[in-house]
Enquirer: 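This is the structure I want to talk about, given as structure tokens.
Source: prediction; values computed, not measured. Each chain gets a letter, A, B and so on, in the order its sequence line appears, and its residues count up from 1.
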There are 2 protein chains.
Amino acid sequence: MADSGNNFVSLAVYNRMPVYLKALLALKRDGKKFVSSVILADYVRENPSLVKKDLSYAITSVGKPKVGYDIDSLILDVENFLGYNNVKDAVLVGVGKLGQALMGYHGFDKYGLNIVAGFDIDDNVIGKVFNGKKVFPTDSLAGLVSKLNIKIGILTTPQDHAQPMADLLVQSGIRAIWNFTPVHLALPDSVAVKNEDMASSLAILSKQLKEILFKESN
Amino acid sequence: MADSGNNFVSLAVYNRMPVYLKALLALKRDGKKFVSSVILADYVRENPSLVKKDLSYAITSVGKPKVGYDIDSLILDVENFLGYNNVKDAVLVGVGKLGQALMGYHGFDKYGLNIVAGFDIDDNVIGKVFNGKKVFPTDSLAGLVSKLNIKIGILTTPQDHAQPMADLLVQSGIRAIWNFTPVHLALPDSVAVKNEDMASSLAILSKQLKEILFKESN
DNA sequence: TCCCTATCGATATTTTTTTATCGATATAAT
DNA sequence: ATTATATCGATAAAAAAATATCGATAGGGA
């Protein structure tokens, strides 16, 4: 049954769910109507039992023995679980190359994320428009955030502005920060943080590469 | 003792290690010489026992009772564990906004990652230079990768080019792909993949935000 | 129609990860 | 010099996560 309210679901499940979704969309494109946990597990390289348990958090209707799950309905369930249907407004602070890339990324619509505006201190970008979203001076951040009751902030500033801008976001009423800077932010418990940690990713990739090359040399 | 060779260390450790490193660098900047597992755990919001166990994978010298670990030597150990000292060359495919941001990002030096060149099919970027790295046509990718024996490819293309370009990378001899596209890549087992999954990150951030707001409303 | 089989969903088992405990010891205080 | 204490490092215990098992059942084929 679907997880209504606040039953605990582990972060690992949240990490795998979008992977299942990508697989389901690919299977749908291939014209498939049903998929079993075995097929899906094979596709995403997980264990079928794990897939069944994970999907049980999202699913609203039962799967059929001998056939598996209805792909269309499963896609809806997973998208719903991930919150892709309820739109979440966000502001972005630091409109450099990365900030521009994120403002211009059309994929966020799909995830239910709507970047309302960008903020920067640089006159060269203030006033510019990326993907229909305008860049404002950081002075005006607090006003807009509180007026529109925005809860999510995306942080793409240079390192030395990360903490001050995070503080400004929090003062303005932001309660969740998606941190693309490599800075360890000091924030109150009342604010959620997700660090997009390139260092970790790269370390994991290197480790895996090392393991693959090691296995071959033996 | 430090993990030499191929003793298994879990991905969770690899995820936390860069967080410890950031904390250690911050403590060093504050003039601290030693740090205990309790202090470090408090800083990164983990359990002291976990910190001790994690650090044991990286550490080469023992910590002192009543004092803790020597910060300078611990920083070296963790950087070594993460492979920041041995330089890893990489190529980047897809020099759009995100590709340019990554090519221009100076932080990668620190992690031991050296982007040697960018590749694209668009004449508007071919020939341009970002952060001292030139952009070449994708035709020339295979030649350069095999000549320089490069093992890591960074994928920042539009969605529809992701799989073909991943295939090209693999054919050229690339053995590890850092995938910034939201595409599920079909690749042989002999190639490591790390998906930089924005969908997962955002889902986790939303979940945390929801939990925080839920907790307050009760 | 009646069996055979693939699969679900629930639960039991196993494995992995995290946390707690404890003896040894270096440092600081008395 | 002696004592008290904070910490390490090893290991035991607990918790969490992943995997395997199994009865029930829908669908396909004899």
Enquirer: Compare side-chain N and O positions of Tyr69(A) against OP1 and OP2 of dG9(C) and report whether any pair is under 4.0 Å apart.
Expert: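 Yes, because at least one side-chain N or O of Tyr69(A) sits under 4.0 Å from OP1 or OP2 of dG9(C).
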
Enquirer: Could you state the CG-P distance from Leu55(B) to dT7(D), rounded to the nearest angstrom?
Expert: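 From Leu55(B) CG to dT7(D) P: 15 Å.
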
Enquirer: Please compare Val38(B) and Asn47(A) by the position of their nearest nucleotide in DNA chain D and report the one closer to 5'.
Expert: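 So the residue in question is Val38(B).
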
Enquirer: Does this structure show an ion pair linking Lys215(B) with Glu211(B), if we count only N-O contacts that are shorter than 4.0 Å?
Expert: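 No, this pair does not count.
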
Enquirer: Asp54(B) CG to dT16(C) P: how many Å, rounded?
Expert: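 Between P of dT16(C) and CG of Asp54(B): 17 Å.
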
Enquirer: What is the distance from CG of Leu11(B) to P of dT16(C), rounded to the nearest Å?
Expert: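 Roughly 13 Å, once rounded to whole Å.
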
Enquirer: Is it the case that the base of dT25(C) and the side chain of Lys66(B) share a donor-acceptor contact (distance under 3.5 Å, atom types as modelled)?
Expert: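 No, no donor-acceptor pair under 3.5 Å.
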
Enquirer: Could you tell me the separation between the CE atom of Met17(A) and the P atom of dA17(D), rounded to a whole number of Å?
Expert: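 About 14 Å, once rounded to whole Å.
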
Enquirer: Given dT27(C), dA12(D), dT7(D), identify the nucleotide with an atom nearest to the side chain of Lys53(B).
Expert: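 Selected nucleotide: dA12(D).
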
Enquirer: Do Ser49(B) and dA20(C) share a donor-acceptor pair, side chain to base, under 3.5 Å?
Expert: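 Checked by distance alone, the answer is yes.
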
Enquirer: With sugar-phosphate meaning primed atoms plus P, OP1 and OP2, does Lys52(B) contact a base, only sugar-phosphate, or nothing at under 4.0 Å between heavy atoms?
Expert: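 Touches a base.
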
Enquirer: What nucleotide, of dA18(D), dG27(D), dC8(C), holds the atom closest to the side chain of Pro65(A)?
Expert: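 Output: dC8(C).
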
Enquirer: Nearest whole angstrom, please: distance from the C1' of dA6(D) to the CG of Asp42(B).
Expert: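 Spelled out: CG on Asp42(B) to C1' on dA6(D) is 16 Å.
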
Enquirer: For Ser56(A) and dA10(C), is the shortest distance between a side-chain N/O and OP1 or OP2 below 4.0 Å?
Expert: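 No.
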
Enquirer: Rounded to the nearest angstrom, tell me the gap between atom CG in Asn15(A) and atom C1' in dA17(D).
Expert: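 To the nearest whole Å, that distance equals 14 Å.
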
Enquirer: Anything under 30° is parallel, anything over 60° is perpendicular, the rest tilted; go ahead and classify Tyr111(B) against Tyr84(B).
Expert: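 Plane angle between 30° and 60°, so tilted.
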
Enquirer: Using whole Å, report how far OH of Tyr57(B) lies from C1' of dA10(D).
Expert: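 Atom OH in Tyr57(B) sits about 13 Å away from atom C1' in dA10(D).
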
Enquirer: Would you tell me if any nitrogen or oxygen in the side chain of Arg16(B) comes within less than 4.0 Å of OP1 or OP2 on dT18(C)?
Expert: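 Yes, within the criterion.
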
Enquirer: Nearest whole angstrom, please: distance from the C1' of dT18(C) to the CZ of Arg45(B).
Expert: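 That distance rounds to 19 Å.
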
Enquirer: For Asp77(B) versus Ile59(B), what's the shortest heavy-atom pair and its separation?
Expert: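 Result for this residue pair: OD2-CA, 3.6 Å.
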
Enquirer: Considering just the side-chain nitrogens and oxygens of Lys64(A), establish if one lies under 4.0 Å of OP1 or OP2 belonging to dT7(C).
Expert: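 Checking dT7(C) against Lys64(A), no side-chain N or O comes under 4.0 Å of OP1 or OP2.
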
Enquirer: Side chains of Lys22(B) and Val183(A): does their closest heavy-atom pair fall under 4.5 Å?
Expert: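 Sidechains of Val183(A) and Lys22(B): no contact.
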
Enquirer: Measuring from the side chain of Leu50(B) (C-beta onward, heavy atoms only), which nucleotide among dT19(C), dT7(D), dT17(C) has the closest atom?
Expert: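 Out of dT19(C), dT7(D), dT17(C), the nucleotide with an atom closest to Leu50(B)'s side chain is dT19(C).
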
Enquirer: Pair Tyr14(B), Phe81(B) - check ring pair (Phe, Tyr, Trp, His ring centres under 6.0 Å), show working.
Expert: CA-CA 9 Å; Tyr14(B) 277 84; Phe81(B) 176 89; 4.9 Å; yes

